[in-house]
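Because only heavy atoms are used, hydrogens play no part in the values below, and waters and symmetry mates are left out as well, while side chains stay in. Both ligands and their constituent atoms are indexed starting at 1 by order of listing.
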Amino acid sequence: AKGGAKGTWQRYRPELHTAMNQRLEVRAALHDAIDAEQFRNMYQPIVDLHTGLIAGVEALVRWEHPTRGLLGPFHFIEVAEESGAIVAIGDWVLREALAQFARWRADDPDMSLKYVSVNVSARQFRTPGFVERVREALDAAGARPEWLLLEITESLVLRDAEQVWNDLRMLRALGVRIAIDDFGTGYSSLSYLRQMPVDVLKLDKSFIDDILTSDQQHTMVDSIVALARNLDLKVIAEGVEQTGQRAALAAMGCPFGQGYLFSKPAWPDEIVALTHSVPEL
Ligand code: C2E
Ligand code: CA
Ligand code: CA
Ligand code: CA
């Protein structure tokens, strides 16, 4: 087969063949997976670092594959982006997350959970009518716009800024809030941040990983948290795994955290149990 960057002819490699076949199989199966109701949302708590209470949850999609079992996004999101299936999958995730959130609220109106956060791929966002589809999803679930946080990527906010920013402004006018996911891994300049129509920065795990071992990383996170506070943006620190990291973040005044220290992604009934557990301070 022809392969390699320079177009050289290489020895046939069965593992490449298998990988390619797997992608094709995934692509074909993804096509039917929505109608077959094979997607599930798990939810990971976002914790108020001051009170220890769960403030919100992030919906994280899983594919219950008929033969391969429960698959994480790593196994299919990229293929779904390429084929365009991500638009339908993402819309399903949004509708299901809002329906689930409405059920939680109906069961316990006093629960500490204030919102559900949903990942939106660039392709999904750019497919015409996204704002309208969000509005429909809210209506269908009987959900208030304040219950929804949408996570978008830095690169989406930077590219075709005009159209994207208009849609973001419309969503915020509805009352939906916007987070920049994996903040710090892209190229947005901090000064630009002031003008962006967003509410929340999700600080990427790669920043949190080294805050206890690297003075430089600690200073970096400290500065971002301070800047965000000045700009009236909330910060959610991602990938908090150690109590020391949590303490350091709280000391900096970082308001929210998410990570295995608090909980891995969980099923809806597990989330209910977590919201009932007494917070440790
Ligand atoms: P993400 O949006 O950055 O989500 C966080 C990922 O980090 C999740 O992986 C979560 O399980 C994992 N994580 C959370 N806390 C920790 C921690 O303390 N340590 C470590 N090592 N990992 C942690 P997951 O569920 O496998 O999702 C991977 C990615 O797939 C997500 O990254 C997101 O980009 C994408 N994704 C998930 N659901 C959706 C969706 O509905 N739509 C779209 N477009 N993308 C999705
Ligand atoms: Ca996310
Ligand atoms: Ca993230
Ligand atoms: Ca990430």
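The atom of Glu151 that is an N, O or S and sits closest to the Ca ion (ligand 2) is OE1. The atom of Asp181 that is an N, O or S and sits closest to the Ca ion (ligand 2) is OD2. Among heteroatoms of the N, O or S kind in Glu58, OE2 lies nearest the Ca ion (ligand 2).
In this structure, Arg177 forms a cation-pi arrangement with Tyr115, its terminal cationic atom sitting closer than 6.0 Å to the ring centre and no more than 45° off the ring axis.
Among the backbone and side-chain atoms of Asn119, an N, O or S atom lies under 3.0 Å from the Ca ion (ligand 2). Checking Glu238 against the Ca ion (ligand 2), every N/O/S atom stays at or beyond the 3.0 Å cut-off.
Contact between Gly72 and ligand 1 is absent, with no heavy atom of the residue lying under 4.0 Å from the ligand.
Closest to atom 33 (C) of ligand 1 by heavy atom, among Thr153, Thr185, Asp91, Asn119, is Asn119. The closest heavy-atom contact to atom 25 (O) of ligand 1, among the options Met42, Arg62, Gln44, Lys202, comes from Arg62.
The ligand atoms of ligand 1 that sit less than 4.0 angstrom from a heavy atom of Val61 are 38 (N), 39 (C), 40 (C), 41 (O).
At a heavy-atom cutoff of 4.0 Å, ligand 1 is contacted by no atom of Leu261, backbone or side chain.
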Kindly determine whether Leu174 and Arg135 satisfy side-chain contact (heavy atoms from CB on, under 4.5 Å), including the steps that lead there.
CA-CA 8 Å; Leu174 286 178; Arg135 216 197 305 261; 3.3 Å; yes

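Residue Asp139 places its CG atom among more than 12 non-hydrogen atoms of other residues, nucleotides or ligands, all under 6.0 Å distant.
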